[in-house]
Visitor: 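Structure below; questions to follow.
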2 protein chains.
Amino acid sequence: MTRSFILLDMENVMLEKRKYQIIFDYLKEGIQTKKYGVDSYLPSENEICNQFKTTRTTVRKALDELQKDGFITKEQGKGSKVLERRKSLGLLTVKGFSQAVDHKVKTVLLKRPSEQQWDPSISFDLTSDEEESKCIYFQRLRYLDDQPVMLENNWYAANALEPMKANEFVDGSFFKTLSQKYLIEIMGSEQELRAELANEYISDNLGIKQGAPVLHISVRFKTSKADLNLYSEIYCNTAMVPIRNSYFL
Amino acid sequence: MTRSFILLDMENVMLEKRKYQIIFDYLKEGIQTKKYGVDSYLPSENEICNQFKTTRTTVRKALDELQKDGFITKEQGKGSKVLERRKSLGLLTVKGFSQAVDHKVKTVLLKRPSEQQWDPSISFDLTSDEEESKCIYFQRLRYLDDQPVMLENNWYAANALEPMKANEFVDGSFFKTLSQKYLIEIMGSEQELRAELANEYISDNLGIKQGAPVLHISVRFKTSKADLNLYSEIYCNTAMVPIRNSYFL
DNA sequence: AAGTGGTCTAGACCACGCG
DNA sequence: GCGTGGTCTAGACCACTTT
């Protein structure tokens with residue numbers, strides 16, 4: 001009696017994770033590392049059942065979570081298909097950035113990631129962990145049709161993630177790099193929006209007049225790594241083209 | 001043999017809905033009509049099982065959907081608790097509007113809902129159904145601490161929903177009224193953001209100088225009623241206080 | 001101890017997609 | 001016809017909360 005109790009307890013300590021969580025993690029990693037490529041299908045529910053010696057209920061729980069997190073979509077009669085990118089989380093896009101057919105898009109790294117002091121211009125309160133750490137800062141300028149439209153200042157805690165090397169950026173995207181090389185996902189964001197008049201520094205970078213209206217966006221992105229947030233202060237010239245975002249259940 | 005086949009088929013035609021969908025709809029309506037008030041607990045999973053003569057798997061499927069849609073949260077050992085409001089869908093809030101303790105909030109209906117022609121200033125393309133219909137227009141001005149901060153122009157298709165009476169607004173909120181009186185929920189939104197300089201009309205309403213920077217937000221809200229979208233063109237004075245929104249998985 | 005939600009098993013039948 | 005995901009049953013044991 002005592003012995004079986006100890007064994008059960010051991011099992012819980014050893015396993016720790018729920019069975020569906022193990023399957024979820026296994027499949028998620030497979031997607032992030034491109035073992036299961038975009039538009040391909042995961043193994044069928046019954047195959048996963050056999051592989052993990054479990055029942056469909058448990059496998060379906062894992063797949064439901066993957067679907068909720070935007071990694072896959074299910075197609076009745078066909079299978080679970082890997083999606084291109086996760087459900088957009090209110091990520092800001094310049095109108096036309098996605099319909100890239102008739103627009104040229106370019107991102108220039110003005111300042112490559114390097115260790116600095118936190119900047120007081122960040123609009124959000126830092127966590128106590130972050131305040132104790134130094135930070136990594138990098139700056140980018142995004143172009144649409146050779147016209148600069150977004151000036152981006154980005155910070156994150158140095159003790160949460162090493163400074164990314166400039167040549168390491170996957171497709172020039174910080175988020176793609178996080179997902180594919182570090183297996184870290186964006187879990188949500190908070191934004192503050194302001195309309196301001198461009199000062200000299202902003203107007204120089206965006207190639208507009210001083211005093212022209214600019215959209216100032218402050219964002220805190222929360223990630224699946226508990227101690228890693230990304231802070232961005234973004235200035236946009238919305239005269240040519242508005243900034244878009246959308247969200248759906 | 002033939003007879004039982006027919007019966008089964010009949011059953012599908014009669015029921016049409018899945019069992020979990022019936023339970024979902026029943027509970028959702030209970031929440032929307034305040035039969036289950038905010039912060040109260042739904043009947044336990046076993047009670048619902050007995051009431052609908054089904055198993056916990058099916059009941060839990062219904063509850064999972066309610067949770068995904070932001071109607072309830074589950075508390076282990078306690079029950080399923082009704083939430084105050086649905087998961088914010090990137091709804092814009094003025095910083096301080098929610099922490100209303102130290103701020104006075106006021107909404108004034110400048111133009112009560114009435115039938116009009118669609119306004120060409122709407123930033124989104126209308127559906128063909130909407131174009132064929134007239135529209136309902138209403139205008140509001142929102143104050144924070146007796147300072148006007150948001151001027152709101154709103155339109156929706158007249159054939160999708162009758163014009164709401166001014167005294168019908170629940171807590172002055174269009175969305176609360178939609179949910180509680182019409183059982184219609186917001187399913188998502190698209191936004192376009194622009195920084196602009198206030199023209200005379202805007203500056204008069206917001207009590208700022210002509211040429212001051214204003215945040216222009218165009219929104220299309222999609223609802224659970226297929227033919228009902230709400231279009232809003234909003235102008236914000238962000239000098240005192242920024243506009244916020246957030247989204248999480 | 002009793003009740004609640006969380007996980008899991010071992011099945012069954014259905015609707016859909018495709019060869 | 002066969003494999004896929006979608007729904008559902010009838011149980012079991014667990015962890016957590018409250019009495």
Side-chain angles (χ1 to χ4, degrees), chain A residues 1 4-27 31 36 39-68 71-83, chain B residues 1 3-27 36 39-68 71-83:
Chain A
M1 220 26 197
S4 76
F5 180 81
I6 290 174
L7 275 174
L8 275 175
D9 221 28
M10 284 291 286
E11 211 171 51
N12 273 331
V13 172
M14 303 284 285
L15 290 178
E16 201 168 296
K17 289 180 183 177
R18 301 269 72 84
K19 209 169 226 181
Y20 77 83
Q21 187 66 45
I22 294 174
I23 299 172
F24 173 87
D25 288 342
Y26 171 83
L27 294 172
I31 292 170
Y36 305 115
D39 281 341
S40 74
Y41 289 88
L42 297 181
S44 78
E45 295 181 356
N46 281 318
E47 282 179 70
I48 301 173
C49 286
N50 294 334
Q51 186 183 343
F52 288 90
K53 297 285 170 264
T54 183
T55 55
R56 276 187 66 207
T57 310
T58 303
V59 171
R60 283 178 63 77
K61 167 78 169 165
L63 291 172
D64 282 350
E65 295 298 315
L66 284 172
Q67 187 175 33
K68 246 197 294 197
F71 288 104
I72 63 170
T73 180
K74 294 194 188 180
E75 298 172 358
Q76 191 172 17
K78 300 179 75 176
S80 300
K81 192 162 79 173
V82 176
L83 290 177
Chain B
M1 218 29 191
R3 208 174 123 194
S4 76
F5 179 81
I6 288 174
L7 276 173
L8 276 174
D9 221 27
M10 283 293 286
E11 212 170 48
N12 274 330
V13 173
M14 302 286 284
L15 291 177
E16 199 169 297
K17 287 182 185 176
R18 301 272 70 85
K19 211 169 224 182
Y20 76 84
Q21 187 66 46
I22 294 174
I23 298 172
F24 172 88
D25 288 342
Y26 171 81
L27 294 171
Y36 305 116
D39 281 341
S40 73
Y41 290 88
L42 297 181
S44 77
E45 295 180 354
N46 281 318
E47 282 180 71
I48 301 172
C49 286
N50 294 333
Q51 187 183 342
F52 287 92
K53 298 282 170 263
T54 182
T55 56
R56 275 186 67 209
T57 310
T58 302
V59 170
R60 284 178 62 77
K61 167 77 170 167
L63 292 172
D64 282 350
E65 295 298 316
L66 285 172
Q67 186 174 32
K68 247 196 299 196
F71 287 105
I72 63 170
T73 179
K74 293 194 188 179
E75 299 172 358
Q76 191 172 16
K78 300 179 75 177
S80 301
K81 191 162 79 173
V82 177
L83 290 176

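Chain A is the first sequence line, chain B the second, and so forth, proteins listed ahead of strands; every chain is numbered from 1. Worth knowing before you read on, the calculation uses all heavy atoms, side chains too, and leaves out hydrogens, waters and symmetry mates.
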Visitor: Take atom CG of L42(A) and atom P of dT4(D), then tell me their distance rounded to the nearest Å.
Guide: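 From L42(A) CG to dT4(D) P: 13 Å.
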Visitor: Might you point out which heavy atoms bring I22(B) and K17(B) nearest each other, and give the distance in Å?
Guide: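 Of all heavy-atom pairs spanning I22(B) and K17(B), the closest is CG1-CB, 3.9 Å.
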Visitor: Can you work out whether N46(B) or G77(A) has the more 5'-proximal nearest nucleotide on DNA chain C?
Guide: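 Here N46(B) is the residue nearer the 5' end.
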Visitor: Give the dot-bracket string for DNA chain C, reading 5' to 3', where a pair is Watson-Crick or G-U wobble with both distances under 3.5 Å, ( ) marks pairs inside the strand, [ ] marks pairs crossing earlier ones, | marks a partner on another strand, and . marks unpaired.
Guide: ||||||||||||||||||.
Visitor: Is the closest side-chain heavy-atom distance between F52(B) and V59(B) below 4.5 Å?
Guide: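 A side-chain contact is absent here, since even the closest heavy-atom pair is not under 4.5 Å.
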Visitor: Calculate the interatomic distance between I22(B) atom CD1 and dG6(D) atom P; express it in whole Å.
Guide: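 After rounding, the gap between these two atoms is 19 Å.
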Visitor: Check nucleotides 8-10 of chain D against the protein and report each pair of N or O atoms closer than 3.5 Å, with its distance, or say if there are none.
Guide:
from	atom 1	to	atom 2	distance (Å)
dC8(D)	OP1	K19(B)	N	2.5
dC8(D)	OP2	Y20(B)	N	3.3
dT9(D)	OP1	K19(B)	NZ	2.8
dT9(D)	OP2	T54(B)	OG1	2.2
dT9(D)	OP2	T55(B)	N	3.3
dT9(D)	OP2	T55(B)	OG1	3.3
dT9(D)	OP2	T58(B)	OG1	3.0

Visitor: For the residue pair I72(A) and L63(A), what are the closest heavy atoms and their distance?
Guide: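 In terms of heavy atoms, the two residues are closest at CD1-O, 3.6 Å.
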Visitor: Expressed as a whole number of angstroms, how long is the span from K74(A):NZ to dA15(C):C1'?
Guide: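 After rounding, the gap between these two atoms is 15 Å.
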Visitor: Please report the distance, rounded to the nearest Å, between CD in E45(A) and P in dG6(D).
Guide: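 Rounded to whole Å, this separation is 6 Å.
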Visitor: Is there a side-chain contact between D64(B) and D64(A), using heavy atoms and a 4.5 Å cut-off?
Guide: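 The answer is no; the side chains never approach within 4.5 Å.
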Visitor: Determine the minimum heavy-atom distance between A62(A) and Y20(A), stating which atoms define it.
Guide: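 Closest approach of A62(A) to Y20(A), heavy atoms only: CB-O, 3.5 Å.
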Visitor: If you measure from CG on L42(A) to NZ on K74(A), what distance do you get to the nearest 0.5 Å?
Guide: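 Going from the CG atom of L42(A) to the NZ atom of K74(A) covers 10.0 Å.
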Visitor: How far apart are the closest heavy atoms of K53(B) and K19(B), and which atoms are they?
Guide: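 For K53(B) versus K19(B), the nearest heavy atoms are O-NZ, 3.6 Å.
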Visitor: With a 4.0 Å cutoff (strictly under), does any side-chain N or O of K78(A) reach OP1 or OP2 of dG3(D)?
Guide: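 K78(A) to dG3(D) OP1/OP2: no side-chain N or O under 4.0 Å.
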Visitor: Measure from CD1 on I48(B) to P on dT4(C) and round the result to the nearest Å.
Guide: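 The distance from CD1 of I48(B) to P of dT4(C) comes to 11 Å, rounded to the nearest Å.
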Visitor: Rounded to the nearest Å, what distance is computed from the CD atom of residue Q76(A) to the P atom of nucleotide dT7(D)?
Guide: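 Rounding to the nearest Å, CD of Q76(A) and P of dT7(D) are 8 Å apart.
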Visitor: Does R60(A) put a side-chain nitrogen or oxygen below 4.0 Å from OP1 or OP2 of dG5(D)?
Guide: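 Checking dG5(D) against R60(A), no side-chain N or O comes under 4.0 Å of OP1 or OP2.
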Visitor: Figure out the CZ/P separation between F52(A) and dT7(C), and round it to whole Å.
Guide: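 Spelled out: CZ on F52(A) to P on dT7(C) is 17 Å.
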Visitor: Measure from CG on D64(A) to P on dG5(D) and round the result to the nearest Å.
Guide: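 Value for this atom pair: 12 Å.
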Visitor: What's the separation between atom NZ in K78(B) and atom OG1 in T73(B), rounded to the nearest 0.5 Å?
Guide: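 Those atoms lie 10.5 Å apart.
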Visitor: A side-chain contact here means heavy atoms from C-beta on lying under 4.5 Å apart; do F24(B) and R18(B) qualify?
Guide: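 Heavy-atom side-chain distance check fails, nothing below 4.5 Å.
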